[in-house]
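Reviewing the structure listed below.
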Amino acid sequence: MVVITHDDESKIETRNLNVYFGTNHAIKDISLKMQNKRITSIIGPSGCGKSTFLRALNRMHDIIPAAKVTGAILLDGENIYEDGTDVVDLRRRVGMVFQKPNPFPKSIFDNVAYGPRIHGIRDRYELERIVEDSLKKAALWEEVSDRLETSAMDLSGGQQQRLCIARTLAVKPEVILFDEPCSALDPISTAKIEDLMRSLRAEYTIVIVTHNMQQAARISDYTAFFLLGELIEFGKTAKIFERPCEKATENYITGRFG
Amino acid sequence: MNEKIKENIYFTIFRFCSFLSLVILLFFLLFVIKLGVGVLDLNFITGMWQTQDITKGGILPAIVGTFYLGLGVAVFSVPVGISCAIYLNEYAKNTGLVRVIRLTIRNLAGVPSIVYGLFGFAVFVQLLQFGTSLLAAALTLAAMTIPWVITASEEALKTVPDGFREGALALGATKWQVIRTNVLPAALPGMITGSIIGLARAMGETAPIIIVGATFYMRGLPDSLFDKFMALPYHVFILATQHNDPLAEEYAAGTALVLVILIFLMTLIAMIVRYNFRKKRKW
């Protein structure tokens, strides 16, 4: 097997990123490189701006009128905040899985086919292939292949979250953002999602925001620690958890505050 | 005073008020039924109106007129109201202009119906030369109903979880795709329910239609949008106040009963729509 190291290759990078909500300065001058086909986790106490940072990466703040973003975010070297960026295409390339599983009130099939359909795929055979493929990648196919036409709302929370991942995979993203994807799930479902993320790492660049430090330590290659909207420390996960440089990082990961 | 006694006193007051509203409704229904049920028969429902001898004819033209009116109001007010609600709730930013629009809508919902009647007379009857007609009346009542449809539709849109919107946006959907495929299907039953209630209220209006096109007597049924029309509430009004036949009061009550049943049926449809939707809804 050929081993390729991507360690010096960043897929998505923020440069002096600031996010404001009205007068609230939520993200302060953060420059961070997220490596291609690696898992980067973002940890920090509640209100430190983790989710805000994540949502800047696919321009989800666009829908909040009071939000203002300055600085640059480069996806494959191109600034996604440049005028004339196709936000719709950006969000297809940078998918997002939310904290609370949010399947649409449609059948399992229609949930996964939603993305391909809005992007113009009409052919039933093609859609069936994408749905099966995506559900298999999301480790959900075995459980639902015999009831694709039933409502997604009848699935368990963990299954719903994997369905949301399958839905994201169906539009063939390059980057997937996970916003505390397991915080509403039980430990068994959490373990399944973590296994799934590990298997997705080969093909996708993953950024995950998590409250759960063990989760960050278990699955991520790189870890960034945020505090009060600032990036305190960033590095390889093992290093951050074993020999952090900053006192604040050490205090947080040893549970002295948070 | 002992808190427990206070609790009992307030509870009793609240309960009394609840029962009072029920008693008023029942009393009113009993009154209309007692007075009017005697005149209800097939001929009364399906016959043409005979103004010389009110016992011979029926109120079919008034039923048909009110039905046409309701249809016209629905056609004009529901699309406009729902579109406006979608704009306000899904697209509009909270600018000064939008705040003014919201304030206007809220105030329009409280304008007395007779004022709408005068407005309709000035604009639809005279300015646009529709004459006193079914069209002018439908447009007038539609103007009155639109604020209710907007308010009900906005409430329905607010109950759609943000996850439905964000999830679709994150897949690269445009705003309109999100609305069409995810938001509207979830909000539509609530919108329809609210619209039906607004429609039912419009169909019971008397004051505005007197000004813009209702008539007490006409040969046959209206066969054009520019015809005058008979309507149940106006029919009740004339029979109860202007008619010198000794039986007029009974016939007024009978007509009122038909109107109440019609409105009740519409409310029932709205309730069924809502119930079926709630049963299916899983969020």
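A note on names: the letters A, B, ... follow the listed sequences, proteins ahead of strands, and every chain is numbered from 1.
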For B:Phe164 and A:Phe104, work out which heavy atoms get closest and say how close. O-CE2, 3.5 Å
If you tally heavy-atom pairs under 4.5 Å between each of B:Arg165, B:Lys175, B:Gln177, B:Lys93 and chain A, the highest tally belongs to B:Gln177
Shortest non-hydrogen separation from A:Asn102 to B:Gly163 and the atoms involved: ND2-O, 3.0 Å
Side chain / backbone / both / neither for A:Pro103 at chain B, heavy atoms under 4.5 Å: backbone
If you apply the rule salt bridge (charged side-chain N to carboxylate O under 4.0 Å, His left out), what do you find for B:Glu166 with A:Arg55, and how did you get there? CA-CA 11 Å; B:Glu166 286 187 337; A:Arg55 294 166 74 91; 2.5 Å; yes
How about B:Tyr91: does its OH atom have over 12 heavy atoms from other parts shown lying under 6.0 Å from it? yes
Under 3.5 Å, side-chain donor or acceptor atoms of residues 60-75 of chain A against the rest of the protein: list the pairs with distances, not counting sequence neighbours.
unit_1	atom_1	unit_2	atom_2	d
A:His61	NE2	A:Thr52	O	2.7
A:Asp62	OD2	A:Arg59	NE	3.1
A:Asp62	OD2	A:Arg59	NH2	3.1

One should read off an interatomic distance between A:Phe98 CZ and B:Asp162 CG, to the nearest 0.5 angstrom, of 10.0 Å
Got a list of side-chain donor-acceptor pairs under 3.5 Å for residues 146-155 of chain B, not counting sequence neighbours?
unit_1	atom_1	unit_2	atom_2	d
B:Thr151	OG1	B:Pro147	O	2.7
B:Ser153	OG	B:Val149	O	2.7
B:Glu154	OE1	B:Arg102	NH1	3.2
B:Glu154	OE2	B:Arg102	NH1	2.9

A:Glu149, CD: over 12 other non-hydrogen atoms inside 6.0 angstrom: yes
Contacts of residues 108-128 of chain A with chain B (heavy atom under 4.5 Å): A:Tyr114, A:Gly115, A:Ile118, A:His119
Atom CD1 of residue position A:Ile188 - does it have more than 12 heavy atoms of other residues, nucleotides or ligands inside 6.0 Å? no
Return the minimal non-hydrogen interatomic distance between B:Asn182 and A:Lys106, and the atom names on each side. OD1-CE, 3.0 Å
Quick check: are there more than 12 heavy atoms from other residues, nucleotides or ligands sitting under 6.0 Å from OH of B:Tyr275? no
Quick check on the structure: residues of residues 76-97 of chain A within a heavy-atom distance below 4.5 Å of chain B, by number. A:Val88, A:Arg91, A:Arg92, A:Val94, A:Gly95, A:Met96
